[in-house]
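First the structure, in the form of structure tokens, and then the observations on it.
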Number of protein chains: 2
Amino acid sequence: MLTEGLLQDRTDASCAPARCLSCKARGSSLCAAMADSELSALHAIGRRRTLPAGQAFNWAGDRNNHCATVVEGMLKVTASTTDGREQIVGLLFPGDFVGELFEEDATLTVSALCETDLCIYPRAAFERTLEDHPRMERMLLRRTLLALGDARGRMLALGRRNARERIAGFLLDLVERTGHPEAGGGRRIAIPISRGEMADYLGLTIETVSRQLSQLKATGILAFAKGDRGCTVLREASLRAIVNPA
Amino acid sequence: MLTEGLLQDRTDASCAPARCLSCKARGSSLCAAMADSELSALHAIGRRRTLPAGQAFNWAGDRNNHCATVVEGMLKVTASTTDGREQIVGLLFPGDFVGELFEEDATLTVSALCETDLCIYPRAAFERTLEDHPRMERMLLRRTLLALGDARGRMLALGRRNARERIAGFLLDLVERTGHPEAGGGRRIAIPISRGEMADYLGLTIETVSRQLSQLKATGILAFAKGDRGCTVLREASLRAIVNPA
DNA sequence: ACCGCGATTTGATCGGTATCAAAGCCCCCG
DNA sequence: CGGGGGCTTTGATACCGATCAAATCGCGGT
């Protein structure tokens with residue numbers, strides 16, 4: 001018994017080293033489905049890497065050998081036409097899973113929007129781990145279903161909403177995800193991506209994104225801080241009215 | 001032993017009745033992840049229903065109490081704006097899973113494109129069954145990942161491709177899924193949906209769908225049979241060139 | 001403080017798709 | 001065989017967003 005206990009402790013120590021236990025994504029990533037003592041399985045195959053802003057995690061068309069979880073930072077997932085038009089089909093935040101499972105070749109490009117820390121796994125090893133840990137698999141299923149729901153909402157936006165509505169919807173998403181109240185009643189948000197990236201996300205051009213934002217400012221719905229990356233939503237209800245017309 | 005055998009037989013008989021064993025979706029639906037002897041779990045909660053063409057399986061906004069698998073027929077999954085614009089965000093074929101899991105309320109409307117047979121389960125019971133059958137859960141994960149990949153491809157189409165390219169891509173999908181060779185080198189397909197549904201699927205209007213198809217006919221890429229729902233793709237390579245411009 | 005470069009805004013024009021309207025076709029049903 | 005209704009095609013026009021072009025802004029480096 002005592003021996004077992006000691007062994008257990010030792011195993012635990014190697015299973016769940018400080019790197020995992022103190023990881024910022026411990027509670028929000030797929031790892032959250034695992035007990036401390038189970039973390040060894042992922043720890044054994046994962047390695048940390050930080051990706052500088054703008055750098056790709058992988059390219060569409062490459063062999064699909066790795067997946068990862070976002071520890072800190074942000075990434076974009078893009079699909080492209082052969083002649084170079086781009087569409088951002090997903091954004092990834094801390095805790096999110098990165099990669100396409102069960103595919104031999106990557107069809108999408110994933111790249112960092114800012115300096116980003118990842119915990120990277122060989123895909124094959126990760127898939128095997130998944131089989132051994134049903135709770136993790138279940139969590140991945142839930143996330144995938146959420147991602148699918150999100151994708152479907154974006155299909156509606158891309159297929160049927162005009163520029164104004166897409167912009168308003170995007171800003172509302174930001175407000176709901178990250179907005180925090182401000183003196184004066186507005187809610188402040190940081191727009192975490194450039195105009196060009198907003199355009200790629202919304203299926204528009206840089207120019208119409210800019211024009212629509214200017215118009216929202218002119219209407220008093222939005223106010224920009226110096227430097228443009230921060231703004232405050234003064235009339236959230238108006239944004240909602242734009243997204244959901246009568 | 002003998003008794004056990006008899007009991008086993010009896011159990012098997014009730015577990016996997018003719019309804020399941022002879023089901024057209026037995027090999028392609030989630031049921032394919034189950035041994036004959038396991039089918040009881042789904043059989044116990046499932047009931048068959050046939051939906052007439054045009055009828056809804058459920059409406060966005062309703063309580064999300066049921067899910068199903070498609071036995072025969074076709075359904076569309078639509079998202080809508082508050083003012084009535086519609087986007088088809090998915091098409092469902094025999095073997096496909098129907099419904100949004102782990103959501104209290106439905107956000108999407110599902111309706112039959114033609115007379116459709118379903119095997120319907122109460123959602124809560126289905127989710128419990130999923131927990132008890134990891135192989136089924138794994139299969140659902142794979143399907144959900146495929147659906148997500150598909151959704152991402154469609155986001156690229158809706159956000160960045162023009163009408164011509166969307167139509168060509170849709171026709172190619174049909175050719176690849178259901179096309180069969182014809183004397184003269186072309187491949188024959190049946191377009192399984194109306195012009196209006198094509199428009200809702202591709203984020204276009206009926207008129208531009210019609211015009212684009214007429215243009216493909218005029219160019220000799222497509223030929224229509226009498227009655228329009230069947231056509232043959234004469235120059236598949238041209239379609240590919242449209243979808244993937246240099 | 002000045003310069004220079006990339007990002008953003010703003011302006012002018014073009015084009016593709018939506019919209020409005022009408023004609024044609026197909027099929028069902030009497 | 002003829003009429004009717006819905007689906008589809010075709011035509012004319014309007015408008016939104018893309019494209020082309022230029023000015024402005026913001027920021028880091030000197």
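Lettering follows sequence order; numbering is per chain, from 1. Only this structure's heavy atoms are used, side chains among them; waters, hydrogens and symmetry mates stay out.
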Donor-acceptor contacts, no H, no angles, side chain residues 47-71 of chain B, under 3.5 Å, sequence neighbours left out:
from	atom 1	to	atom 2	distance (Å)
B:R63	NH2	B:E104	OE1	3.2
B:N64	ND2	B:E100	O	2.5
B:N64	ND2	B:E103	O	2.9

Extract all donor-acceptor atom pairs below 3.5 Å that involve side chains of residues 162-173 of chain A and protein atoms in other chains or at least two apart in sequence.
from	atom 1	to	atom 2	distance (Å)
A:N162	OD1	A:R164	N	3.2
A:N162	OD1	A:E165	N	2.9
A:E165	OE1	A:N162	N	3.0
A:E165	OE1	B:R85	NH1	2.9
A:E165	OE1	B:R85	NH2	3.4
A:E165	OE2	B:R85	NH2	2.8
A:R166	NE	A:A157	O	3.3
A:R166	NE	A:R161	O	2.8
A:R166	NH1	A:L202	O	2.8
A:R166	NH1	A:G203	O	3.3
A:R166	NH2	A:L158	O	3.2
A:R166	NH2	A:R161	O	3.0

Quick one: side chains of residues 208-221 of chain A, donor-acceptor pairs under 3.5 Å with protein atoms, not counting sequence neighbours, listed by atom name and distance.
from	atom 1	to	atom 2	distance (Å)
A:S214	OG	A:S210	O	3.0
A:T219	OG1	A:Q215	O	2.4

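Rounded to whole Å, atom C1' of C:dG16 lies 12 Å from atom CD of B:E165. Rounded to an integer number of Å, the gap from CG of B:D200 to P of D:dT8 is 12 Å. Between the P atom of C:dA18 and the CG atom of B:L202 lies a distance of 11 Å, rounded to the nearest Å. Counting to the nearest Å, the P atom of D:dC7 and the CD1 atom of B:I193 are 14 Å from each other. Here C:dT17 presents its P atom at 10 Å from CD of B:Q215, a figure rounded to the nearest Å. Rounded to an integer number of Å, the gap from B:F224 CZ to D:dC7 C1' is 14 Å. Atom CD in A:E197 sits about 16 Å away from atom P in C:dG6, given to the nearest Å. Per the geometry, CE belonging to A:M198 stands 10 Å off P belonging to C:dT8, to the nearest Å.
Considering CD1 of B:I88 and CG of B:L113, their distance stands at 6.5 Å, rounded to 0.5 Å.
Applying the ring-ring contact (aromatic ring centres under 6.0 Å, His included) test to residues at least two apart or on different chains, the pairs with a partner in residues 92-123 of chain A are A:F97-A:F126, A:Y121-A:F126.
Recorded end-axis angle for the helix from C:dA1-D:dT30 to C:dG30-D:dC1 stands at 30°, based on five pairs per end and rounded to 10 degrees.
For the pair A:S80 and B:L156, the minimum side-chain heavy-atom distance is 4.5 Å or more.
Every residue was checked against the side chain to side chain donor-acceptor pair (under 3.5 Å) condition with A:S28, not counting sequence neighbours, and none meets it. Legend: residues meeting side chain to side chain donor-acceptor pair (under 3.5 Å) with A:E176, ordered by chain and number and at least two apart, are A:R240. For B:D96, the salt bridge (charged side-chain N to carboxylate O under 4.0 Å, His left out) partners are B:R143, not counting sequence neighbours. Annotation: salt bridge (charged side-chain N to carboxylate O under 4.0 Å, His left out) contacts of B:E182 (sequence neighbours excluded): B:R188. Taking A:E72 as the reference, A:K24 meet the side chain to side chain donor-acceptor pair (under 3.5 Å) condition, with sequence neighbours excluded.
Residues from residues 79-89 of chain A placing a heavy atom under 4.0 Å of any atom in DNA chain D do not occur.
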With the sugar-phosphate defined as primed atoms, P, OP1 and OP2, and the base as all remaining atoms, what B/S/- string results for nucleotides 10-21 of chain D, 5' to 3', for protein heavy atoms under 4.0 Å? BBB----SSBB-
